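As the structure is a computational prediction, the values presented were derived from the model and not from experiment. The first residue in the sequence is number 1, and the count goes up from there. In each ligand, atom 1 is the first atom listed, and ligand 1 is the first ligand listed.
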Amino acid sequence: MSSQQTAPAVETREFQAEVKKMLDIVIHSLYTEREIFLRELVSNAADALEKFRHQRLLAAEVFDDHLPLEINIRADQEQNTLTIIDTGIGMDRGELESNLGTIAHSGSRTFLANLDPAQQKDLSLIGQFGVGFYAAFMAAAKVRVQSRSFRPDDSGHEWISDAAGTYTIAPCPGIHRGTKIILELKEDAKEFADPERIKQIIRRYSSFVSFPIKVEDEAVNTVQALWAKGKSEIKDEEYNEFYKYIANAFDEPLARLHFSADAPLAVKALLFIPTDNIERLGFGRMDPGVNLYCQRVLIEQHSKNILPEWLRFVKGVIDSEDLPLNISRQALQDSALVAKINRVISKRLLKFFAELAKDQPETYEKLWQTFGSFLKEGAISDFNYRPELAGLLRFESSKTEAGKLTSLEEYCRRLAPEQKDIYYISGPNREAIENGPYIEAFRQRGIEVLYTLDPMDDFALSHIGEFKEHQLVSADLADLDLSAFDQPETEQDQGEQEEKAGLNPEKAAALGQWFKEVLGDKVKEVKESKRLTDSPAMVVNPDGFMTSSMERVMRASGQKLPPFGGKNLEINPGHPLIAGLEELRGRDETLARQVAEQILDNALIQAGLMVEPRSMVNRNYQILSRLVK
Ligand code: ADP
Ligand code: MG
């Protein structure tokens, strides 16, 4: 025997720092639902079996092909151990190290890095964070994992750890394909050495596992593919339990869509909308939530190919008989059929959302509040579904009560005579918008304006561009002409106009020129406003592409944009401040210049754009000093 063939001695390795932290939390947390460790280990065993079932279709040869695909559990009260055995895909040495010694998912790592171990943790969520295996240490003082990969040329290994910062790996010859996990239970975890207790836990959490689970050789679950059954045969509770099982979730589903079609594709889908958005819990980006099956064989878990990324909040199963069973991952990505299923199901989901909005508006509103950001992401990143997504957007508006939402569809029903465009304006909140300069002209003419309170809204609307042939127009666009909506002037109006007409046209034009000289490169143009009534000035966007809100977001996210200066300043010659300024500049040019600059800064602030605070505050003090003199 050459030295190369002798098995290396037992190797001791350190856990990755985040794993140590995870283990620390698991070991020291107070257990409210300690039994969930078993759900995690059984779910891993089931995953391993599903992976094997698929690999067997791809590989020329697999090890131990004769073994039945099942999970066996043994509980030994004398030894105080619990053993979970699966005949799944198994792990080789490298896989044991990387799967059980590190945390691969970067979102989980960030989440864990920010966890405070001193706080009591709700470990029931552990499976969602892709670290379910470590839950074993809730019940076990020591865990031994013996595993043998399905690949014929591999050999078995044993991984052992007592969670104290290190683990060992050593060869373990002569074992079957799959994984055996032996838990040496803690003194206070003896209950898990009782087979009856184990059966009870399995029935509770794992009844949807699609392989037989045997406890002391007695089959505990009934294997079934829920999505393949008829709707009338399934109870609500069964649906909800199934959701919890496949999504590793603890909430109840908010809504579900169960359908099957034969044309243009043979496809069955059982999809759920969760109640909670776990991306909001500070746990990075979600993985896709839908598993792809072909004739009840799992082809791809958390499939990236079967739905667009922005639908990652949807959980469930899609099963298509039309797919070849032995399709590989690469082929999935390139498959025209998969792309077609993707489109069909995405459209169906969007139709489902629209139906919800119509038939169960309260449920849809919850969906929108929780997952609306994903739909906006879709509108921005994916041009395939823009008309459908546009119909699903919701906003507050000048015609809704505070906190109430409306749709583009409803907006269109309220269009003023002659009105073609749909108007929106962004702002940090309703009050700020209603007290700002942008909606004055609209309010006066009774034209509705949507309030885009979320920075993503403007991006979504500008990408969507139009809704049912109505252009979507930001109210901070330069040269907005609203004169078509003016009522024929009444005498009273004329009176008001005269009263307001602070500057005659020549003076207004001269003041505009002077303004531009004073402000220089800080603005593109200074124009007399046709819209303003109550405010002295506002900044508007001449390019019509990027709204101020979008500009603010892009600057805040570190995007390189040209310095400020692309805006136009509109001044209101009817406003006493502007009229007075024309007079002041003849009398005290220095003060007049300061006032002009301050007007621009104020207008930029009202547009939500950042202003350099130091010079602004200094100037403001100088102006105030003049007042108290
Ligand atoms: P997750 O299941 O979310 O990936 P876990 O912490 O539960 O996270 O498991 C980590 C990884 O360890 C799994 O992704 C899998 O690759 C591997 N693994 C765990 N249990 C088994 C098993 N019984 N058979 C094969 N691989 C397993
Ligand atoms: Mg797991």
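If you look at Leu100 next to ligand 1, the close heavy atoms, those under 4.0 Å, all belong to the side chain. For Leu41, no heavy-atom contact with ligand 1 is shorter than 4.0 Å.
The nearest N, O or S atom of Ser43 is not closer to the Mg ion (ligand 2) than 2.8 Å.
Residue Phe133 has at least one N or O atom closer than 3.5 Å to an N or O atom of ligand 1. Backbone and side-chain nitrogen or oxygen atoms of Thr179 are examined, and one is located within less than 3.5 angstrom of a nitrogen or oxygen of ligand 1. At a 3.5 angstrom cut-off on N or O pairs, Glu40 does not count as close to ligand 1. Ligand 1 has an N or O atom lying under 3.5 Å from an N or O atom of Asn99, backbone or side chain. Distances between N or O atoms of Gly132 and those of ligand 1 include at least one value under 3.5 Å.
In this structure, Met91 has a heavy atom closer than 4.0 Å to ligand 1.
Ion pairing between Asp319 and Arg296 fails under the 4.0 Å rule for side-chain N and carboxylate O. Here Glu252 pairs with Lys244 in a salt bridge; the nearest charged N to carboxylate O distance falls below 4.0 Å.
Checked against the 6.0 Å centroid threshold, Phe63 and His176 do not count as a close aromatic pair. The distance between the ring centers of Phe137 and Phe37 does not fall below 6.0 angstrom. Within the 6.0 Å centre-distance limit, the rings of Trp159 and Phe133 are counted as a close aromatic pair.
The aromatic rings of Phe353 and Phe313 sit parallel, their planes meeting at an angle under 30°, below the 60° perpendicular limit.
The stretch residues 165-174 participates, sequence neighbours left out, in no side-chain hydrogen bond (donor to acceptor under 3.5 Å, both in side chains) pair at all.
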